[in-house]
Each structure stands twice: as structure tokens, then as C-alpha cells.
Amino acid sequence: VQLQASGGGLVQDGGSLRLSCTASGGTFSGYTMGWFRQAPGKEREFVAAIRRYGSGYYTDSVKGRFTISRDNAKNTVYLQMSRLKPEDTAVYYCATSSAAWGTTSRADFGSWGQGTKITVSS
């Protein structure tokens with residue numbers, strides 16, 4: 001599976017962005033799709049994921065601000081981000097998982113996109 005992420009950019013504190021990740025070369029609807037992020041000097045961390053049948057789950061720091069969704073007809077997963085904070089600044093990666101449970105572990109995610117950078121200015 002090849003993943004192409006887009007939608008990053010520079011936004012002010014409190015602003016919004018929507019990330020997209022389009023998959024090709026696999027059965028998109030069969031995967032859990034996830035978003036991770038990596039800030040400078042930090043480990044890559046889980047942000048959100050959405051199971052095959054559309055139920056999403058989030059890390060605590062983004063609950064109520066971020067919404068993950070998917071369009072299986074377009075092979076695309078989205079991450080709508082609102083009320084962005086400077087601490088959300090990172091490179092955001094999408095990834096696929098065959099796991100049906102609510103995994104947040106990087107080890108359970110296989111194919112990774114190239115990342116899209118978000119900078120939130122204060």
C-alpha cells in the first residue's frame with residue numbers, strides 16, 4: 001500500500017487544518033487507518049485512528065479538537081484539526097494497520113506515508 005498525505009501548513013494558534021491521506025495499491029476498506037505525529041527531537045506518537053467500519057479513537061491530548069474520518073470510495077482518510085495549539089506542531093504521518101482492535105502502537109501499523117508538516121504559531 002502506498003500512502004500520500006497532504007494538507008499540512010502554517011496556521012495560527014486556535015486555527016484549523018484538514019489533513020488527507022490517499023491510499024493506492026491495497027484494499028483500503030480492509031485497514032484500520034491511523035495518524036501519528038513526530039515533533040522535533042521527540043518520538044513518533046499516536047494521534048488518532050479509525051477502524052474499518054468507521055469508529056475512531058484518539059490520544060487524550062487531541063480529544064474534542066481532532067476528528068478522524070474516512071471515505072472508502074475515495075481510499076482516503078482525513079484528520080480534521082481544530083483549536084490547534086503550538087504543541088501540535090509536528091510532521092504528521094498516516095499509516096495502515098490490519099489490526100481490528102483499537103491499537104495505538106506503531107508496531108501494529110505497516111505502510112507509512114511520507115508525512116506532512118504542520119506548524120502552529122503562537
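Side chains included, hydrogens not; waters and symmetry mates left out as well; all remaining heavy atoms used. None of the values given here were measured: they were computed from a predicted structure.
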> Does the S122 side chain pair with the main chain of P86, one donor and one acceptor, at a distance under 3.5 Å?
Replying inline: no
> Taking all non-hydrogen atoms of both residues, which atom of W112 and which atom of F109 are closest, and how far apart?
Replying inline: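 Minimum heavy-atom separation between W112 and F109: NE1-O, 3.4 Å.
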> Does V77 belong to the same Ile/Leu/Val/Met/Phe/Trp/Tyr cluster as V62, with side-chain heavy atoms less than 4.5 Å apart forming each link?
Replying inline: yes
> So, Q114 side chain and A5 main chain: donor-acceptor pair closer than 3.5 Å or not?
Replying inline: yes
> Would you say the side chain of R37 lies within less than 4.5 Å of the side chain of E45, judging by non-hydrogen atoms?
Replying inline: yes
> At their closest point, which heavy atom of T116 faces which heavy atom of L19, and how far apart are they?
Replying inline: CG2-CD2, 3.9 Å
>> Check whether S29 reaches the backbone of N72 with its side chain - one donor and one acceptor, N or O, closer than 3.5 Å.
In response: no
>> Tell me whether S82 contacts the main-chain N or O of S16 through its side chain, where contact means a donor paired with an acceptor under 3.5 Å.
In response: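 Side chain of S82 to backbone of S16: no pair is present.
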> With no hydrogens and no angle check, is any side-chain donor or acceptor of Y57 less than 3.5 Å from a backbone partner on T104?
Replying inline: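 The answer is no, because no donor-acceptor pair under 3.5 Å joins these two groups.
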> Is the F66 ring parallel, tilted or perpendicular to the Y92 ring (thresholds 30°, 60°)?
Replying inline: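 F66 vs Y92 ring planes: tilted.
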> Minimum heavy-atom separation for R51 to G56, with atom names?
Replying inline: NH1-O, 4.5 Å
>> Tell me the closest heavy-atom pair linking F28 and R70, and the distance in Å.
In response: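 It is O-NH2, 2.9 Å.
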